[in-house]
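Presented below is the structure to which this report refers.
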Amino acid sequence: MPELPEVETVRRGLALRISGRRIVRAELRRPDLRRPFPPALAARLEGAVIGGLGRRGKYILIELDADGVLLLHLGMSGRVTTGSAALPAARHDHVVLTLDDGTVIRFNDPRRFGLVDYLNRGETARHPLLAGLGPEPLGDEFDGRYLVKALAGKLTPIKAALLDQRIVAGLGNIYVCEALFRAGLSPRRLAASIGRGRADRLAAAIRLVLTEAIAAGGSSLRNYVQADGALGYFQHHWAVYGREGEPCPGCDCAEGVRRIVQSGRSTFFCAKRQR
DNA sequence: CTTTCGTCCTGACTGC
DNA sequence: TGCAGTCAGGACGAAA
């Protein structure tokens, strides 16, 4: 389940391998993912020279030539692998790009919640998928002062508010649970009830869990990629996510980590530490 | 307007 | 062992 740290890890790994290379072949092995591929995508990709790689929330932006951008979203199950042409396309390899040095990039996505789009660089900020995104949680704009303002009047649990990409871009179910635990805030607390003090703690916790996860991804990237070329997932230790019934870390409460369902999603938390 | 909920999809897992 | 049923979740669009 790629969230901001996994996407950032993929971006960094990809940048090392494909920046400056020319795409010599683009194979679209189906016409769509979550939505249809844009018209003439293969033709736009073939011959293009790859520039820098950026990220906005959970989207990867790959600069092509002087004015193009390839937009990728990994959805739930998307993976990007780099390798040689020797490997035949596997099941769920939906987009396969061959570069001028023989590198083959494969976008594999079993559940097909991912997305591929092509845009002109000038319209990046206005693109419908990007325009409404909230600030980058690791950027200068994001802090307690911003959060208080963004959450004001929201009669929804803080858990749901943080999953809303318009409030802050890049968090998913795992890192929201982890950040709320680190901040000592109940996932059920109404967003509007978060004042400056709690917002400061929450913003700091969000930055911390993301920064730590990116560091873990970076350190595991080298070995992981050598194993099978896959970028997108790495082993990481969660404090509460997926740990229902286990002892709460750093707390001796009898109940341990609890799981509840909020807006159809699992939330993991400690009822004693998080208020 | 705001907020919630169903939907898309496949693979991993559970229980009989 | 096999198979049906359940669950996982990002983001969008419909519904309340």
Side-chain angles (χ1 to χ4, degrees), chain A residues 1-11 28-38 55-61 71-81 89-95 106-117 119 127-134 136-137 149-180 187-194 206 210 213 228 230 232-236 238 240-245 257-269:
Chain A
M1 39 225 84
E3 302 181 27
L4 187 152
E6 290 80 15
V7 174
E8 176 61 17
T9 299
V10 172
R11 185 195 70 77
L28 310 179
R29 305 188 68 244
R30 55 173 299 122
D32 58 13
L33 287 176
R34 198 169 82 212
R35 59 172 65 180
F37 293 142
R55 181 189 55 75
R56 183 74 177 92
K58 299 172 193 171
Y59 291 92
I60 295 173
L61 294 91
L71 188 68
L72 296 183
H73 193 291
L74 300 178
M76 253 300 292
S77 57
R79 282 170 176 261
V80 179
T81 63
R91 187 166 156 77
H92 307 310
D93 279 350
H94 305 310
V95 177
R106 296 179 173 85
F107 184 15
N108 183 288
D109 183 9
R111 290 182 209 176
R112 306 211 300 271
F113 285 8
L115 177 144
V116 177
D117 203 358
L119 45 144
H127 191 277
L129 294 167
L130 304 175
L133 293 177
E136 287 290 321
K149 214 166 55 182
L151 300 175
K154 293 239 172 282
L155 301 177
T156 184
I158 183 63
K159 163 78 187 304
L162 293 177
L163 284 174
D164 186 343
Q165 303 297 298
R166 294 170 298 184
I167 294 186
V168 57
L171 297 179
N173 204 37
I174 295 175
Y175 291 101
V176 167
C177 291
E178 294 293 312
L180 288 170
R188 293 187 282 210
R189 171 180 283 278
L190 286 192
S193 78
I194 292 183
I206 289 169
L210 295 179
D228 71 351
Y233 300 93
F234 48 87
Q235 293 195 332
H236 193 56
W238 316 121
V240 287
Y241 186 83
R243 295 183 173 273
E244 181 180 16
V257 176
R258 286 182 56 191
R259 184 181 82 92
I260 59 174
V261 175
Q262 296 180 287
S263 6
R265 303 278 184 268
S266 287
T267 300
F268 298 89
F269 72 113

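Nothing here was measured: the structure is a model prediction, and the numbers come from that model. Just the heavy atoms: all of them, side chains too, but no hydrogens, waters or symmetry mates, feed the values below. The sequence lines fix the lettering, A, B, ..., with proteins before strands; numbering per chain opens at 1.
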Looking only at side-chain N and O atoms, does [X] come under 4.0 Å of OP1 or OP2 in [N]?
X	N	answer
A:K154	B:dT2	no
A:Q165	C:dA11	yes
A:T156	B:dT4	yes
A:H73	C:dG10	no

key: Nearest heavy-atom neighbours spanning A:A169 and A:L4   = O-CD1, 3.7 Å
Are [X] and [Y] packed together at the side-chain level, in the sense that at least one heavy-atom pair is separated by less than 4.5 angstrom?
X	Y	result
A:I60	A:V80	no
A:T267	A:L180	no
A:L72	A:V7	no

Write down the distance between [atom1] ([X]) and [atom2] ([N]), rounded to a whole number of angstrom.
X	N	atom1	atom2	value
A:R35	B:dC8	CZ	C1'	13 Å
A:I158	B:dT3	CD1	P	12 Å
A:L115	C:dA11	CG	P	10 Å
A:D164	B:dT3	CG	P	9 Å
A:L33	C:dA11	CG	P	14 Å
A:D32	B:dC8	CG	P	14 Å
A:L190	B:dT2	CG	C1'	14 Å
A:H92	B:dA12	NE2	P	9 Å

message = Go nucleotide by nucleotide along DNA chain C from the 5' end; which of A:R111 and A:L129 gets its closest nucleotide reached first?
response = A:R111
query = Between A:R91 and A:R34, who's closer to the 5' end of DNA chain B by nearest nucleotide?
reply = A:R34
task = List in chain and number order the residues that pass side chain to side chain donor-acceptor pair (under 3.5 Å) with A:R243, two or more places apart in sequence or in another chain; answer none if no residue qualifies.
result =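 A:R243 satisfies side chain to side chain donor-acceptor pair (under 3.5 Å) with A:H237, A:E246 only.
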Check: A:Q262 side chain, A:K159 main-chain N or O, donor-acceptor pair, under 3.5 Å = no
ask   = Under a 4.0 Å heavy-atom cut-off, which of residues 257-268 of chain A touch DNA chain B?
value =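 Within residues 257-268 of chain A, no residue comes under 4.0 Å of DNA chain B.
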query = For A:F113 and C:dG10, is the gap between ring centres under 5.5 Å while the planes differ by less than 30°?
reply =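 The base of C:dG10 is stacked with A:F113 (centres under 5.5 Å, planes under 30°).
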query = Which of these passes ring-ring contact (aromatic ring centres under 6.0 Å, His included) with A:W238: A:Y175, A:F268, A:F269?
reply = A:Y175
